[in-house]
Amino acid sequence: MPTWTAASRARPRGCCFCPSRSRPISRGRAASPTIAKDEEGEPRLSLPTEADRDAWRRSGFRLSLGLTYGRLIGLEGAPSGRLLGATIRFGVRLDAGWSILASFQYANASAAGGLSGLRFAGTIDPTWHATEHLSLALGLGFGGFVEGRTSRPDVSPLPSTLATSYTFPSPATPLPSCSGVGAAGLARAEWSIVLGPRAATSLGLEAIGQWTGCSADTGRVEPDTGQAIVRKQWWPHAGVTGTWSVTWR
């Protein structure tokens, strides 16, 4: 007959392989990584801090790329056109109140019976930072046009009638094509928003003026000097453009 001991009698019947005492399983530790992960939640984008804004007030190099759209209006009969293009600015923030920038614009100028070509300009712009967001600038430099064939009719005197170069007294009857450069200026108001310690975006409004010396080659030369015979004309323009840009420091 089997011998029953005290230990065997302590075990339940039908579970001879079960330990008499089992160590409790700690479920809190196993679940903690999942709980911690759930507590993190969705990732959040941080807003610019005051330290980021302070960094933009400090001196240093600035580079800006943007888009420009507007209209250039011809005065005294000069042709007009819509402007659509790009702008690039770079320069130095001198202190919390002032910057000095160089601005360059390249835009397609187009209108039925008006401008048809490239308008370019470059200015030096002392800029005053009136507030944390608002800056005001005045710029002076050069501007010009490069046109190919246009829909504008030819004007008198015609190239075949000229024995020497000719300058028109006014742009009332504009040349059929203009290639030239002259003086340009701008006044700009810009509203900036800091995106982070290295980037900011801005919206701007510019009033522009330009006085361009146009010339159109006749394809002929003066018989005595051998110099090219050209027709010249001065075009005054004024306009307004809006800009959107991103700046890096």
Side-chain angles (χ1 to χ4, degrees), residues 45-74 80-111 114-146 181-212 237-249:
L45 298 177
S46 60
L47 296 175
T49 64
E50 191 63 29
D52 296 337
R53 298 184 181 93
D54 289 341
W56 282 92
R57 298 187 190 102
R58 293 195 292 267
S59 60
F61 180 75
R62 303 290 189 268
L63 173 64
S64 175
L65 299 176
L67 299 175
T68 180
Y69 176 83
R71 184 166 180 80
L72 198 61
I73 301 172
S80 305
R82 174 181 56 85
L83 299 176
L84 177 61
T87 179
I88 177 172
R89 293 200 297 265
F90 58 87
V92 177
R93 180 75 177 250
L94 301 176
D95 53 32
W98 289 93
S99 295
I100 185 74
L101 302 173
S103 299
F104 296 92
Q105 290 189 6
Y106 301 90
N108 177 53
S110 62
L115 293 171
S116 180
L118 173 70
R119 188 255 174 178
F120 60 90
T123 57
I124 299 297
D125 312 337
T127 303
W128 175 46
H129 301 276
T131 69
E132 180 181 329
H133 299 285
L134 178 65
S135 63
L136 304 173
L138 293 175
L140 184 64
F142 65 89
F145 299 105
V146 177
V181 67
L186 63 82
R188 180 174 62 245
E190 195 168 51
W191 187 266
S192 301
I193 300 173
V194 173
L195 300 179
R198 294 297 179 186
T201 186
S202 58
L203 295 173
L205 186 67
E206 291 185 354
I208 57 178
Q210 186 169 307
W211 182 264
T212 311
H237 284 88
V240 176
T241 61
T243 62
W244 169 74
S245 59
V246 178
T247 305
W248 295 271
R249 61 176 293 273

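Computation of the quantities below employed the complete heavy-atom set of this structure, encompassing side-chain atoms and omitting hydrogens, waters and symmetry-equivalent molecules. Sequential numbering from 1 along the given sequence is applied to the chain's residues.
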Can you name the nearest heavy-atom pair linking A187 to L138, along with the distance?
CB-CD2, 3.7 Å
Can you confirm whether H237 sits close enough to W211 that some side-chain heavy atom of one is under 4.5 Å from a side-chain heavy atom of the other?
no
What are the two closest heavy atoms between R93 and R57, and how far apart are they?
NH2-CA, 3.8 Å
CD1 of I88 to CZ of F104, rounded to nearest 0.5 Å, is 8.0 Å
Would you say the side-chain atoms of S80 pair up with the backbone N or O of G74, donor to acceptor, closer than 3.5 Å?
yes
Closest non-hydrogen atoms of R198 and W56, given as atom of the first, atom of the second and distance, are C-CZ2, 3.5 Å
Minimum heavy-atom distance between A109 and R119, given as atom pair plus value
CB-CB, 4.3 Å
R53 side chain vs V194 backbone, donor-acceptor pair below 3.5 Å
no
Could you list the residues that satisfy ring pair (Phe, Tyr, Trp, His ring centres under 6.0 Å) with W244, not counting sequence neighbours?
none
Is it true that S110 and R82 share a donor-acceptor pair across their side chains at a distance under 3.5 Å?
yes
So does F90 have more than 12 non-hydrogen atoms from other groups sitting under 6.0 Å from CZ?
no
Looking only at the side chains, is there a donor atom on one of T87 and T68 sitting less than 3.5 Å from an acceptor on the other?
no
Would you say T243 and Y69 make side-chain contact, with heavy atoms under 4.5 Å?
no
Result of checking L84, L205, L83, L186 against T241 for side-chain contact (heavy atoms from CB on, under 4.5 Å):
L83
Report the C-alpha separation of V181 and T212 in whole Å, then their side-chain angles, then the decisive distance to 0.1 Å, and conclude whether the side-chain contact (heavy atoms from CB on, under 4.5 Å) test is met.
CA-CA 5 Å; V181 67; T212 311; 5.7 Å; no
Main-chain N/O of S135 paired to W191 side chain as donor or acceptor, under 3.5 Å
no
Considering residues at least two apart in sequence or located in another chain, which fulfil the side chain to side chain contact (heavy atoms under 4.5 Å, CB included) criterion with L140?
none
Residues E206, E190; criterion side-chain contact (heavy atoms from CB on, under 4.5 Å); working and verdict:
CA-CA 9 Å; E206 291 185 354; E190 195 168 51; over 6 Å; no
Steps toward side-chain contact (heavy atoms from CB on, under 4.5 Å) verdict (L115, F145):
CA-CA 9 Å; L115 293 171; F145 299 105; 3.9 Å; yes
Derivation of the side-chain contact (heavy atoms from CB on, under 4.5 Å) call for V92 and R62
CA-CA 6 Å; V92 177; R62 303 290 189 268; over 6 Å; no
Would you tabulate the side-chain donor-acceptor contacts of residues 96-103 under 3.5 Å, counting partners in other chains and residues two or more places apart, or write 'none'?
unit_1: S99; atom_1: OG; unit_2: H129; atom_2: NE2; d: 2.7
unit_1: S103; atom_1: OG; unit_2: D125; atom_2: OD2; d: 2.3

Looking at R188 and I208, would you say the former's side chain and the latter's main chain have a donor-acceptor pair under 3.5 Å?
no
For S245 against S202, the heavy-atom pair lying closest together:
OG-OG, 2.8 Å
So do the side chains of T247 and T201 get within less than 4.5 Å of each other, counting heavy atoms only?
no
